[in-house]
Student: 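One structure coming up, written as structure tokens, with questions to follow.
Naming convention: chains lettered A, B, ... in sequence-line order (proteins, then strands); numbering from 1 in each chain.
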2 protein chains.
Amino acid sequence: MFLGTFEHTLDAKGRLAIPAKLRNSLGEKAVLTRSPDRCLVLYPMDEWNRLAQQLSQLSQVDRNARDLQYFIFGGASECEIDAQGRIIVPAMLRNYASIDGDVVSVGMNTHIVIWSQAAWVERETRVNGDIDNIAAQLVGLF
Amino acid sequence: MFLGTFEHTLDAKGRLAIPAKLRNSLGEKAVLTRSPDRCLVLYPMDEWNRLAQQLSQLSQVDRNARDLQYFIFGGASECEIDAQGRIIVPAMLRNYASIDGDVVSVGMNTHIVIWSQAAWVERETRVNGDIDNIAAQLVGLF
DNA sequence: GGCAAAGTGGGGAAAAGTGGGGAGTTTTGT
DNA sequence: ACAAAACTCCCCACTTTTCCCCACTTTGCC
């Protein structure tokens with residue numbers, strides 16, 4: 001169960017410390033890959049296996065399916081959490097998500113999402129103006 | 001079953017004592033998150049699990065659904081009740097609900113709602129003059 | 001009044017976050 | 001082919017934050 005929003009930093013060596021509260025639900029290994037909205041996603045192994053299996057089952061004939069597989073599998077990196085609780089973010093993924101320095105990690109229950117600080121702030125301001133929309137959707141859940 | 005309204009304080013370390021009468025129905029753990037109306041909500045674990053499961057089932061492709069998940073999951077914090085019956089309210093949530101010092105906790109049957117004193121008073125004065133009108137709108141529900 | 005429970009406050013130990021050195025390996029360029 | 005540069009990985013060290021424990025005050029109840 002991943003919960004909460006955390007601001008921290010990626011150091012000059014491309015290392016990213018996973019906040020302790022998110023780390024607890026993560027094993028020793030995890031998979032980091034791209035998300036369509038220009039951020040990164042970190043899956044624990046069991047969740048990743050489920051996702052990978054679903055992706056593999058898509059029709060190989062469908063071009064969109066293949067493109068999606070390239071996107072997810074091709075952008076993925078298996079990460080080990082080191083003794084300090086950090087993972088290494090490959091340069092290609094740092095580049096994709098425009099991450100350099102300040103980072104925001106968000107627990108999303110089943111997985112972790114990683115944004116560059118700048119992109120996150122931009123997203124926040126967009127959503128905050130629309131909080132009534134969120135409230136309306138919440139109502140629908142009950 | 002959470003009932004009643006309680007005024008108390010949040011100390012300088014961000015700790016909030018849950019009133020004993022609300023604490024009884026709460027286990028050792030609970031989840032605190034945001035509400036769209038600028039206050040906080042504290043769910044006991046069984047109630048939270050129900051909400052979290054519904055939220056996770058929403059389509060990941062729908063942007064509104066993702067915004068809602070960011071709002072709820074990203075704003076959530078798993079709280080353990082310490083030996084003094086207190087929880088820690090993360091700075092980000094204190095900030096969101098404008099809480100510093102005086103607090104009002106309200107039992108809402110299935111969950112607990114936490115307001116800053118100032119926002120609560122404002123709400124009270126707004127609603128009190130209009131309670132007949134609000135009740136009238138609910139006639140169809142009962 | 002006296003006792004017990006609840007609410008409030010603070011100090012110190014432990015953990016988390018951050019940064020950097022250096023050995024070993026791979027890549028790059030001449 | 002060889003040297004230089006870049007990248008990994010494994011340590012260690014320092015600062016900040018968090019957590020746990022203890023103590024005092026206040027409230028409610030017998």
Student: Does A:Arg23 put a side-chain nitrogen or oxygen below 4.0 Å from OP1 or OP2 of C:dG17?
Tutor: yes
Student: Can you figure out which of C:dG17, C:dT8, C:dA6 approaches the side chain of B:Ala20 most closely?
Tutor: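 The answer is C:dA6, which lies nearest to the side chain.
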Student: Taking A:Ser35 for the side chain and A:Arg38 for the main chain, is one N or O donor matched with an acceptor at less than 3.5 Å?
Tutor: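 Looks like no, no N/O pair under 3.5 Å.
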Student: Over how many whole Å does the gap from B:Asp82 atom CG to D:dT18 atom C1' extend?
Tutor: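 B:Asp82 atom CG is separated from D:dT18 atom C1' by 12 Å.
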Student: Starting from P on C:dA16, measure out to CD1 on A:Ile18 and report it in whole angstrom.
Tutor: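 Nearest whole value for this atom pair: 14 Å.
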Student: Round to the nearest Å and state the distance from B:Ile87 atom CD1 to C:dT8 atom C1'.
Tutor: 16 Å
Student: Taking the nucleotide of DNA chain D with the closest heavy atom to each, which residue, A:Lys21 or A:Gln84, is nearer the 5' end?
Tutor: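 Its nucleotide being nearer the 5' end, the pick is A:Gln84.
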Student: Over how many whole Å does the gap from A:Lys13 atom NZ to C:dG17 atom C1' extend?
Tutor: 16 Å
Student: Looking only at atom types and distance, does a side-chain atom of B:Arg34 sit under 3.5 Å from a main-chain N or O of B:Phe71, one as donor and one as acceptor?
Tutor: yes
Student: Take B:Asp102 and B:Thr9 through the test side chain to side chain donor-acceptor pair (under 3.5 Å) and record every step on the way to the result.
Tutor: CA-CA 5 Å; B:Asp102 293 332; B:Thr9 60; 5.8 Å; no
Student: Passes side chain to side chain donor-acceptor pair (under 3.5 Å), B:Asn64 versus A:Asn133? Steps please.
Tutor: CA-CA 8 Å; B:Asn64 285 328; A:Asn133 186 27; 3.0 Å; yes
Student: Using atom CZ of B:Arg15 as one end and atom C1' of D:dC22 as the other, report the distance to the nearest whole Å.
Tutor: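 Result: 11 Å.
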Student: Expressed as a whole number of angstroms, how long is the span from B:Arg86:CZ to D:dA23:C1'?
Tutor: 11 Å
Student: Roughly, in whole Å, what's the span from CG in B:Asp102 to C1' in C:dG7?
Tutor: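 One finds 14 Å between C1' of C:dG7 and CG of B:Asp102, rounded.
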Student: Using whole Å, what does the distance between atom P of nucleotide D:dT17 and atom CD1 of B:Ile88 come to?
Tutor: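 So the two atoms are 14 Å apart, to the nearest Å.
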